[in-house]
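FYI, side chains are in, hydrogens and waters are out, and symmetry mates aren't considered; it's all heavy atoms of this structure. Predicted model only: the values in this text are computed from it and were never measured. Lettering of chains follows the sequences in order, A, B, ..., and the numbering in each one begins at 1.
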Amino acid sequence: MKLRIYNTLTRRKEDFTPLNPDHVTIYVCGPTVYNYAHVGNARPVVVFDLLVRLLRHDYKRVTYARNITDIDDKIIEASQESGVSISQITEKYARIYEADMAALNAGPPDLTPKATDYIDQMIAMTGTLIDKGYAYKKDGHALFSVPSMSNYGELSGRKLDEMIAGARVDVASYKKDAADFILWKPSTETQPGWDSPWGRGRPGWHLECSCMIEDNFGDTIDIHGGGLDLIFPHHENEIAQSRCAHGGIALANYWMHNGYLTVDGEKMSKSLGNFITVHDLLEEFPGRGEAIRMNLLSAHYRQPVDFSHDGIRQAQKQLDRWYRLTDGVDTDGVKVPNAVLDALRDDLNTPKALAELNSLAKKAVNDDGAASQLKVAANLFGVLEQDDWFDGIVDDSALSEMAIGKLITERAEAKKNKDFARADDIRNQLSEQGISLLDGPEGTSWERR
RNA sequence: GGCGCGGUGGCGGAGAGGCUACGCAGCGGAUUGCAAAUCCGUGUACACCGGUUCAAAUCCGGUCCGCGCCUCCA
């Protein structure tokens, strides 16, 4: 089966055909690095990581880019409030972001362009847009003239007159039209800035993505992704900039947008204060990044996922089972079963794919081949990649292995003497320390919970 | 006000005209000194009201409820 993708641009599921059959290009909007990412921010990361894994399976070559916004008013604010330099802030949080996402088995993309490395390109594109009559300068600003583009609003399905009618914000004096957006804005003495033909300033937010794509991939990429909330205005404006700069050529052929992570049905967001950072969640569930990942993939990517600790626990139980079933299996030369691949190729139907994994798990009980397939398929999913899943986290307060071993020996003695009261006593004692004893044919083993 | 998404068994969650996924939890049983794990069995749910159809959770119309975007936002 061929990969099918729901394209926001056409509002339909379409067969995916890359421009170059041997090389797929994909760009996803990344973080503005001035604080910790919350679980909602992690959703697109996990979703598109899975998509890229699938693309790599199906195509010879894939280049995946995710930008880092390291110049932005919020970063400037954070720097001024804390007295810490902008580069220190952005480097710190970019590092944390990468580590937190890696804990969810979402490795770094092939390219992670930073906005501040593309200042020249942004100045150049702004110049091009002004030259072509799609942008203008006013009071140190450069602005994109939305009415100059005939088919503005294609992606979000908005009409210009409707937008103006619904405008909730006062129109800045330097804008010719309420819908116009900033390409370049002036910086004060105390704000960071770069020299440009329009004076010292800094780029508007939408511009970096257009320039990074142009610089790394050319006019058109195959897939452009991000969260639902980026459709308007961010992606709409990216399209406007790139198409007008490139003579009308499409910026991306397929636009994909993931749904929100919600909390009690409401969007998780910083302004509502209903967020939990990935960093904190990983402390709550140490070593269980895969369970968080599974939870994020438990619903179809375009549907909302309601965040709950219980959801993560559920995912963890499923992983526990799969880890037991696949312990020590040989995966050499084993292929991912088509049932799993086809579920994913159908617009990334992860719940269906998970059902297929469970079907393999059922067979794996007495079928080594199925166990191998489960492992390989789960690996494509980005789980079952740890070999220390049951080792748990050892901290200073935890019992040493030697102490546990001693208690197990003592319990074995008690069992031999039919002193089951003492044996249960030891089980309970260890259980309180988070250690489960498992009696098997070859004696007693243990796991940390 | 404009545009859009959704309401599926106790919970999570696919599906999308007939074959009624899947997971978690529960219940009954097997096994086990106990426990875990495992195995077998067990649940006719699709917001409401009409309509189309031989057949609707799936199509059409209406109603109610929840959510989102229109401003920074993954």
*Counting side-chain heavy atoms from CB outward, which of B/A74, B/C39, B/A37 is closest to A/Asn41?*
B/A74
_Using a 4.0 Å heavy-atom cut-off, does A/Gln303 contact any base of the nucleic acid, only the sugar-phosphate backbone, or nothing at all?_
sugar-phosphate
*Specify the separation, in whole Å, of atom CD1 of A/Ile435 and atom P of B/A36.*
18 Å
*asked:* Could you tell me the Watson-Crick or G-U partner of B/U52, where both distances fall under 3.5 Å? Say none if there is no partner.
replied: none
*Heavy atoms under 4.0 Å, any strand shown: does A/Ile231 hit a base, just sugar-phosphate, or nothing?*
nothing
*What does A/His234 touch in the nucleic acid at a heavy-atom separation under 4.0 angstrom: a base, only the sugar-phosphate, or nothing?*
nothing
*Can you find an N or O donor on one side and an acceptor on the other, under 3.5 Å apart, linking the side chain of A/Arg422 with the base of B/G33?*
no
*Look at all strands and tell whether A/Gly226 reaches a base, only sugar-phosphate, or nothing, counting heavy atoms closer than 4.0 Å.*
sugar-phosphate
*Mind checking A/Arg66 for me? I need base, sugar-phosphate or nothing, with any heavy atom below 4.0 Å counting as a touch.*
nothing
*Is A/Asn349 near enough to B/G15 that one of its side-chain N or O atoms lies under 4.0 angstrom from OP1 or OP2?*
yes
*At under 4.0 Å between heavy atoms, what does A/Leu438 touch on the DNA or RNA strands: base, sugar-phosphate, or nothing?*
base
*asked:* Salt bridge check, A/Arg293 against A/Glu385: does any charged N sit closer than 4.0 Å to a carboxylate O?
replied: no
*Spacing of A/Asp347 atom CG relative to B/A14 atom C1', expressed in whole Å*: 13 Å
*Using a cut-off of 4.0 Å on non-hydrogen atoms, how would the nucleic acid contact of A/Lys74 be classed: base, sugar-phosphate, or nothing?*
base
*Nearest 0.5 Å please: distance from the CE atom of A/Met294 over to the CH2 atom of A/Trp322.*
4.0 Å
*What are the two closest heavy atoms between A/Leu272 and A/Lys267, and how far apart are they?*
CD1-O, 3.4 Å
_Counting only Watson-Crick pairs (N1-N3 plus N6-O4 or O6-N4) and G-U wobbles (N1-O2, O6-N3), all under 3.5 Å, who is the partner of B/C69?_
B/G2
*Any strand is fair game: report the nucleotide pairing with B/C11 by Watson-Crick or G-U wobble, both distances under 3.5 Å, or none.*
B/G23
*Using purine N1 to pyrimidine N3 plus N6-O4 or O6-N4 for Watson-Crick, or N1-O2 and O6-N3 for G-U wobble, each under 3.5 Å, what pairs with B/U31?*
none
_Protein within reach of the bases, or only the backbone? For nucleotides 20-26 of chain B, mark each nucleotide 5' to 3' as B, S or -, using heavy atoms under 4.0 Å._
-BSBSS-
*asked:* Nearest to the A/Tyr260 side chain among B/G33, B/A37, B/C69, which nucleotide is it?
replied: B/C69
*asked:* Check this for me: does the side-chain of A/Arg427 come within 3.5 Å of the base of B/C34 through a donor and an acceptor?
replied: yes
*Can a donor-acceptor pair be found between the side chains of A/Asp180 and A/Tyr136 at a distance below 3.5 Å?*
yes
*Can you tell me the distance, in whole Å, between the CD1 atom of A/Ile182 and the P atom of B/U71?*
14 Å
_Integer-rounded Å distance: B/A37 P and A/Phe390 CZ_ = 10 Å
*Hey, does A/Ser436 reach any base, or is it just sugar-phosphate, or nothing, if we go heavy atoms under 4.0 Å?*
nothing
*asked:* How many whole angstroms separate atom CZ of A/Arg158 from atom P of B/G1?
replied: 17 Å
_At 4.0 Å (heavy atoms only), tell me whether A/Gly440 reaches a base, stays on the sugar-phosphate, or touches nothing._
nothing
_Please determine whether any donor N or O and acceptor N or O are separated by less than 3.5 Å between the side chain of A/Asp424 and the base of B/G33._
yes
*asked:* With a 6.0 Å cut-off on the ring centroids, do A/Phe16 and A/Tyr254 count as close?
replied: yes
*Measure from NZ or CZ of A/Lys270 to the centre of the six-membered ring of A/Tyr34 and say whether it is under 6.0 Å with the direction within 45° of the ring axis.*
yes
*To the nearest 0.5 Å, what is the distance between CD (A/Glu154) and OG1 (A/Thr10)?*
11.0 Å
*Got a second to check how far A/His206's NE2 is from A/Gln241's CD, nearest 0.5 Å?*
7.0 Å
*Measure from NZ or CZ of A/Arg302 to the centre of the six-membered ring of A/Tyr6, then state whether that distance is under 6.0 Å and the direction lies within 45° of the axis.*
yes
*Measure from NZ on A/Lys415 to C1' on B/A35 and round the result to the nearest Å.*
10 Å
*Name the nucleic acid region contacted by A/Leu357, choosing base, sugar-phosphate or nothing; use a 4.0 angstrom heavy-atom cut-off, strictly under.*
nothing
